**Student:** 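Submitted below is the structure of interest, expressed as C-alpha cells.
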2 protein chains.
Amino acid sequence: MVTKKGSSAGGSDAPTRGKDTAQRILDVAERLVQHRGFNAFSYADIAEELGITKASVHHHFAGKAELGEALISRYASTFAASLAAIDDEVPGAPAKLRAYTCLYADVLRHRRMCLCGMLAAEYQALPKAICDAIIVFFEDNETWLKGVLQQGRAERTLSFQGAPKEMARVLVSGLEGAMLVARLHAEPSYLQAVAASLLAGLRRRADEV
Amino acid sequence: MVTKKGSSAGGSDAPTRGKDTAQRILDVAERLVQHRGFNAFSYADIAEELGITKASVHHHFAGKAELGEALISRYASTFAASLAAIDDEVPGAPAKLRAYTCLYADVLRHRRMCLCGMLAAEYQALPKAICDAIIVFFEDNETWLKGVLQQGRAERTLSFQGAPKEMARVLVSGLEGAMLVARLHAEPSYLQAVAASLLAGLRRRADEV
DNA sequence: GTCTATAGGCAGATAGAC
DNA sequence: GTCTATCTGCCTATAGAC
C-alpha cells in the first residue's frame, strides 16, 4: 500500500495527514476521549478511522493504559507550552488570564471536553499512572494561575479576596465546570460568558463600571 | 439542616437495608456511576454486590439505558425536593445559596461526582433519553438559582454584575467543576473553599469584611 | 509497520425452570 | 423474583506471516 506522507500542514482538526502513524493514533484517540471518555472508545474505533487494524495500533501503543499515558503526556506538554507562550508574549496579569481562558475556549471549540477534566471524571476507573498524571496537570495549572494572580496583586492590576491559591482553584474549577456544562448547550458562548464573569470578579474596584 | 436524606443523593454507603430490590439496584448503580461513569460499570458489578444474578437485575431494569433513565429520574427528583425544602425552610437569598452549596458538598462526601455532572462528561456516549434528562437537570438548577439571585437583588442582600442567569451559570459551573477537581485531592475542604469564594463575590459591599 | 487470525474474557441481553 | 444456562458480540491483547 502506498503511504501518503504529503506535506499538508497538520491542523488539529484534520490531523491525519502529514504525520506518522503514532501521532495520528494519538490525534484520533485524543478526540475520542475528549468526546466520549476513556472507557467509551476502543482500539477498533481508532483502527477503523485510520484505515488500519487493531494490531497495528497495538504495535505503536502496547495497551490502552500506555496509550492513555501517552495521550495525557502530549496534552500536558502542549498545555505547558501554551502557558509558557503566554508568559513570554502577554504582558500584564489581566491579559494573561484572558489568554488562559482562551485556551479553554479553543479546546471546547469542537465540543471537546478538556482531556484532563474528562479523565478527572473517570478518575476512579483509570490506571494508576494516568491518575498520577492528571493530578500533576491540575497542580501545574493551579501553580501557574497562582503566579499570575500574585503578579496581578503586585502590579495592582487585579483585586480579589483570599489567597491566590484559593482564587486559582476558583478559576480552574469554574472553567472546567463551564466546559462540562457548555457541551450540553447549543450556544458556544456559554464558556466565554462564564469566563468573563469570573474575570470580572478580579477587576480592580476602580475599573468597575 | 435542609438535607432530606434517606434515599439517594449524598446517601450512605450501606444503602441496601430495608428497601426493595429495585431501590437497592438503583443505590448501587448510582454510586458506581458517580464513581466510575456510566460506561465503566456493568450489570455484573451490581449483581455481585447485591448477591443476586445479572438476570435479576434485568428483571427490574430491562436494559442499561432504562436503568440510566431511572437513575437520573430519581436523582433529579431528590435534588428538586432538596431545592423545594430550601425554598420552604431557608429565608434570605444568601442563606439559600449556602444551603445550595451544601447539597454539592453532601454528594461529594463519599468521593462521588454529581451524577449529572458525570453524565455530562460522557454526554456524547450516552443514550438519547439520558442526554435529554441531563439537560433538564441543569436547566432546572439554573432556573432555581436565577430565582434566588433575583430575590437577593430585590432584597438587597446580594450584589453582582450582569444578569442573574449569567451568575447562575457561574455558580453551577463553579460547583460542578469544583466537584470534578476536588475528587483528585485528599482534602475534603477543596469544594467548600471554592464555594465560599464564589459566594463571597456575591456579598454586598457592606457585608464585606 | 502492517496484516490475518485468534485467543480469552466480559459485556448486555434473553429463555425458561422454579 | 430469582435462578441457571446460554447467546451474541465486542473488548483487549497476542502470535506469527509478509
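Keep in mind it's a predicted model, so treat the numbers as computed, not measured. The sequence lines fix the lettering, A, B, ..., with proteins before strands; numbering per chain opens at 1.
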**Student:** When the distance from NE2 of A/H60 to C1' of C/dC3 is rounded to whole Å, what number comes out?
**Tutor:**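 That distance rounds to 12 Å.
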**Student:** Could you check whether A/F61 gets within reach of a base, just the sugar-phosphate, or nothing at all, counting any heavy atom under 4.0 Å?
**Tutor:** nothing
**Student:** For C/dT2, does either OP1 or OP2 sit under 4.0 Å from a side-chain N or O belonging to A/H59?
**Tutor:**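 Checking C/dT2 against A/H59, no side-chain N or O comes under 4.0 Å of OP1 or OP2.
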**Student:** Just the rounded figure in Å: distance from P of C/dG12 to CZ of B/F41.
**Tutor:**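 Interatomic distance, CZ of B/F41 to P of C/dG12: 7 Å.
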**Student:** If you only use heavy atoms from C-beta on, which nucleotide in C/dT2, C/dG12, D/dG1 is closest to the side chain of B/S42?
**Tutor:**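 For B/S42, the side-chain atoms sit closest to C/dG12.
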**Student:** Can you pull out every salt bridge (charged side-chain N to carboxylate O under 4.0 Å, His left out) where at least one residue sits in residues 57-70 of chain B? Sequence neighbours excluded, please.
**Tutor:** none
**Student:** Would you mind reading off the distance between A/I46 atom CD1 and C/dG1 atom C1', rounded to a whole angstrom?
**Tutor:**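 My rounded result for the distance is 17 Å.
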**Student:** Can you check each nucleotide of nucleotides 13-18 of chain D against protein heavy atoms at under 4.0 Å and return B for base, S for sugar-phosphate only, - for none, in 5' to 3' order?
**Tutor:** BBB---
**Student:** From CD of A/E48 over to C1' of D/dT12, roughly how many Å is that when rounded to an integer?
**Tutor:**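 My rounded result for the distance is 17 Å.
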**Student:** Could you tell me how the ring of B/F137 sits relative to the ring of B/F79: parallel (under 30°), tilted (30 to 60°) or perpendicular (over 60°)?
**Tutor:**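 Aromatic pair B/F137/B/F79 classed perpendicular.
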**Student:** Side chains of residues 186-197 of chain A: which donor-acceptor partners sit under 3.5 Å, not counting sequence neighbours?
**Tutor:**
from   : atom 1 : to     : atom 2 : distance (Å)
A/E187 : OE1    : B/R169 : NH1    : 3.3
A/E187 : OE2    : B/R169 : NH2    : 3.0
A/S197 : OG     : A/A193 : O      : 3.2

**Student:** Base, sugar-phosphate, or nothing for A/T53, non-hydrogen atoms under 4.0 angstrom?
**Tutor:** base
**Student:** Any Lys/Arg nitrogen of B/R109 or B/D106 sitting under 4.0 Å from an Asp/Glu carboxylate oxygen of the other?
**Tutor:**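 Yes, B/R109 and B/D106 are salt-bridged.
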**Student:** Can you tell me the distance, in whole Å, between the CG atom of B/L67 and the C1' atom of C/dA13?
**Tutor:**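 Result: 14 Å.
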**Student:** Separation of A/N39 atom CG from D/dC11 atom P, in whole Å?
**Tutor:**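 That distance rounds to 13 Å.
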**Student:** Output yes when at least one side-chain N/O atom of B/T21 is less than 4.0 Å from OP1 or OP2 of D/dG1, else no.
**Tutor:** no
**Student:** Donor-acceptor pairs under 3.5 Å, side chain of residues 95-103 of chain B to any protein atom, not counting sequence neighbours: which ones?
**Tutor:**
from   : atom 1 : to     : atom 2 : distance (Å)
B/K96  : NZ     : B/Q151 : OE1    : 3.1
B/Y100 : OH     : B/Y104 : OH     : 2.8
B/Y100 : OH     : B/N141 : OD1    : 2.5
B/T101 : OG1    : B/R98  : O      : 2.7

**Student:** Distance-only criterion, 3.5 Å: show the donor-acceptor pairs between side-chain atoms of residues 116-134 of chain B and protein atoms not counting sequence neighbours.
**Tutor:**
from   : atom 1 : to     : atom 2 : distance (Å)
B/E122 : OE1    : B/F38  : N      : 2.7
B/E122 : OE2    : B/F38  : N      : 3.0
B/E122 : OE2    : B/N39  : N      : 3.2
B/Q124 : OE1    : A/R183 : NH2    : 2.3
B/Q124 : NE2    : A/R111 : O      : 3.1
B/K128 : NZ     : B/D132 : OD1    : 2.9
B/K128 : NZ     : B/D132 : OD2    : 2.9

**Student:** What pairs with A/T143 under side chain to side chain donor-acceptor pair (under 3.5 Å), at least two apart in sequence or on another chain?
**Tutor:**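 A/T143 satisfies side chain to side chain donor-acceptor pair (under 3.5 Å) with no residue once adjacent residues are dropped.
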